[in-house]
Amino acid sequence: MLDLKEVAKNFDAVVARLNDRGGKLDLSRFQALFAERKQLYTELEANQAQKNRVQDEMKTDPEKRKALSGAMKELGAVIKEQEARLKALEEALSGVMLQLPNVPHPSVPTGPDESANQVVKTWGKKPDFLFAPKQHFELGEKLGLLDFERAAKVSGPRFAFSRGALARLERALVAFMIDQHVARGYEELLPPYLVSREAMTGTGQLPKFEDDAFKTQGDHELFLIPTAEVPVTNFHADEILELPLPRRYVAFSPCFRAEAGSAGRDTRGLIRMHQFHKVEIVRFAHPEDSLGELDELVADASNILELLGLPYRVSLLCTGDMGFASQKTFDLEVWLPGQNAWREISSCSNFGDFQARRAKIRFRPGPGEKPQLLHTLNGSGLAAGRTAVALLENYQREDGSVGLPEVLWPYMGGIKELTAR
RNA sequence: GGAGCAGUGGCCGAGCGGUUGAAGGCAGCGGUCUUGAAAACCGCAGAUGUCGAAAGGCAUCCGUAGGUUCGAAUCCUACCUGCUCCGCCA
């Protein structure tokens, strides 16, 4: 969430930058609501002050108590009515605020969609094949390691069974990634996979994107997490952290996405699933350091791709392509020779204080100083399923078998390649 | 799921209708003492909102939401969370 007073103060500039994201915002009500709120506050507080003054006199004087208690009752009713009006106003205002996305950082290029993203780095060499490289699902199905039909039978479309060595590969990747991040200073967390509405609101998935989430039935409402970002960022909700910052966490979790309306895109394969597995890295950073920390986050995610020998590139997303809560985002895209395309495998974002304000995550800048909102960042490090896809497509051989990079062998119990079951 | 107990400032913890925004302790800050530090002593010190150029004033906040009352941290109701015991379960 944006800061209410900042928005009011810099209204035109904020609206202009928000419009760079595309879509149109209707903020016609905002300024009227804000002015009304201010006015009502002044009136209400004057009445409350009056009430407190009289009450003070009544405390010690039984005569006054008798004489004034009727008038006080009336004043009480007025106050109550004003409070109710104020509450309604605040709700309307915060309803508007909750719909507003984050303001893109000045260093973010302006543009309508992914065509305006800037590739800032390319790493690795695309593999040369003497044959036509296959897509991962052809490879997987031919090896008998990937089964979409049975998953459809059990769960419907956009689910998959991995079998044998491929199932193990994803487990190995997760362990490998976590170990790497822990070695670089992250604390491992195993988070809950079901979270409350508050947690989803804290990180910005709600209220705007409720349709994208799976949620439980019955009076006990819980949401299946779309990413470990939600439980891990909310880990410090309502807290005041002591220095030093940053705090770094790495968490594995399955991720659940309903993505209503995405039917028809990437219908085949593992790229777009209702459930996938991801290792997420999260930082709670000092506001002054958060831009640099975003670079470190990108480096931490890149490290995994480099160790696995997967060619990738880094894009700075433009205003129109960024997520709702993000201030600045770098996407890591891995090369998929079977698809002959770069595909997103990690998204690293700096949220500024947008999530921190919603989830009330603060830090104390110095001993005795006032608590201040900190900055939150997170990135995939990496999406495990898509990493497996990348390995299949980049390390495939003409006979359909797939070699595995040496760093994974210990995690695979000595298995060095994927061959037909 | 059933029964009981509890939720107070950064942390611990008193208070149980008006004098309490809240005792006391710890942590923090400033000072005295000291070559320096520690200890001891003295003082300062919550959050949010609102008015104001500022100094400062005012308001709200004792798990959350309501209610009773002229007045609620204190009484009532519901809900949430935690703890203990029982049941169930990996």
Side-chain angles (χ1 to χ4, degrees), chain A residues 1-9 30-98 190-202 206 215-223 231 234-245 247 254 284 286-287 353-354 356-374:
Chain A
M1 193 155 59
L2 301 173
D3 182 60
L4 181 64
K5 280 188 282 188
E6 287 301 310
V7 173
K9 209 165 95 189
F30 177 84
Q31 284 181 304
L33 286 173
F34 187 76
E36 201 180 336
R37 182 188 92 118
K38 210 165 172 173
Q39 163 86 14
L40 190 53
Y41 250 113
T42 313
E43 292 173 16
L44 170 64
E45 290 189 357
N47 281 332
Q48 285 171 324
Q50 160 77 0
K51 177 177 157 190
N52 287 342
R53 244 189 327 272
V54 175
Q55 221 118 60
D56 234 33
E57 295 170 24
M58 291 169 83
K59 218 159 21 187
T60 47
D61 187 341
E63 291 295 308
K64 279 195 173 159
R65 205 175 295 171
K66 216 171 248 163
L68 292 172
S69 104
M72 279 298 94
K73 197 163 192 166
E74 276 172 42
L75 184 57
V78 171
I79 287 173
K80 203 168 231 176
E81 182 272 331
Q82 287 179 321
E83 281 172 343
R85 245 164 65 209
L86 185 61
K87 193 179 165 189
L89 260 179
E90 295 275 25
E91 269 163 22
L93 214 39
S94 84
V96 173
M97 294 303 289
L98 283 170
L190 184 59
Y193 302 153
L194 288 160
V195 297
S196 65
R197 178 169 286 274
E198 290 71 52
M200 290 285 277
T201 306
L206 293 182
K215 80 178 162 190
T216 57
Q217 291 278 311
D219 3 304
H220 198 92
E221 181 192 65
L222 287 170
F223 294 82
N234 282 286
F235 182 70
H236 283 305
D238 283 310
E239 292 184 20
I240 298 171
L241 302 185
E242 297 298 334
L243 295 176
L245 292 175
R247 304 287 177 89
F284 298 85
H286 196 289
D353 61 15
F354 189 86
R357 183 171 293 104
R358 288 178 171 226
K360 293 200 195 65
I361 313 170
R362 296 176 295 173
F363 75 107
R364 201 174 292 282
E369 288 184 51
K370 286 198 159 206
Q372 218 181 88
L373 293 172
L374 49 69

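Each chain gets a letter, A, B and so on, in the order the sequences are listed, and its residues count up from 1.
With sequence neighbours excluded, no residue forms a side chain to side chain donor-acceptor pair (under 3.5 Å) with A:Glu36. Applying the salt bridge (charged side-chain N to carboxylate O under 4.0 Å, His left out) rule to A:Arg357 yields the partners A:Asp3, A:Asp353; only residues at least two apart in sequence or on another chain are considered. Residues satisfying the ring pair (Phe, Tyr, Trp, His ring centres under 6.0 Å) criterion with A:Phe235, sequence neighbours excluded, are A:Tyr249. With sequence neighbours excluded, the residues forming a side chain to side chain donor-acceptor pair (under 3.5 Å) with A:Gln82 are A:Asn47, listed by chain and number. Applying the ring pair (Phe, Tyr, Trp, His ring centres under 6.0 Å) test to A:His286 and every residue at least two apart in sequence or in another chain returns A:Phe363. With sequence neighbours excluded, no residue satisfies side chain to side chain donor-acceptor pair (under 3.5 Å) with A:Asp238.
Comparing the same atom, C1', in B:C29 and in B:C61 gives a spacing of 25 Å after rounding to whole Å. On the C1' atoms, B:C76 is 23 Å away from B:A22, given to the nearest whole Å. Remark: the separation of the P atoms in B:C79 and B:U84 is 23 Å, to the nearest Å.
Atom P of nucleotide B:C79 and atom CD of A:Glu198 are separated by 17 Å, given to the nearest angstrom. Taking atom CD1 on A:Ile240 and atom P on B:A47, their separation rounds to 8 Å, with Å as the unit. B:U81 atom P lies 10 Å from atom CG of A:Leu222, rounded to whole Å. Rounded to whole Å, the distance from CG on A:Asn52 to P on B:G57 is 16 Å.
Checking A:Lys87 against A:Leu44, the closest nucleotide of RNA chain B that is more toward the 5' end is the one next to A:Leu44.
For residues 63-77 of chain A, the side-chain hydrogen bond (donor to acceptor under 3.5 Å, both in side chains) pairs, not counting sequence neighbours, are A:Glu57-A:Lys64. Listed by first then second residue, pairs satisfying side-chain hydrogen bond (donor to acceptor under 3.5 Å, both in side chains) with a partner in residues 83-97 of chain A read A:Arg37-A:Glu90, A:Tyr41-A:Glu90, A:Gln48-A:Glu83, A:Glu81-A:Arg85, not counting sequence neighbours.
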Could you list, one pair per line, each protein nitrogen or oxygen that sits under 3.5 Å from a nitrogen or oxygen of nucleotides 48-51 of chain B, together with the distance?
unit_1, atom_1, unit_2, atom_2, d
B:G49, O3', A:Arg37, NH2, 3.4
B:G49, O2', A:Tyr41, OH, 3.2
B:G49, N2, A:Glu45, OE1, 2.9
B:G49, N2, A:Glu45, OE2, 3.1
B:U50, OP1, A:Arg37, NH2, 2.0
B:U50, OP2, A:Lys5, NZ, 3.1

Protein-nucleic acid N or O pairs under 3.5 Å, nucleotides 26-31 of chain B:
unit_1, atom_1, unit_2, atom_2, d
B:G28, O2', A:Gly368, N, 3.0

Please list each protein N or O that sits under 3.5 Å from an N or O in nucleotides 68-70 of chain B, with the distance.
unit_1, atom_1, unit_2, atom_2, d
B:C70, OP2, A:Lys73, NZ, 3.2
B:C70, O2', A:Gln55, NE2, 2.6

Canonical and wobble pairing (Watson-Crick, G-U, under 3.5 Å) of RNA chain B, dot-bracket with |: ((((((((.[[[..)..(.....]]].(((((.......))))).((((((....)))))).[[[[[..)....]]]]])))))))....
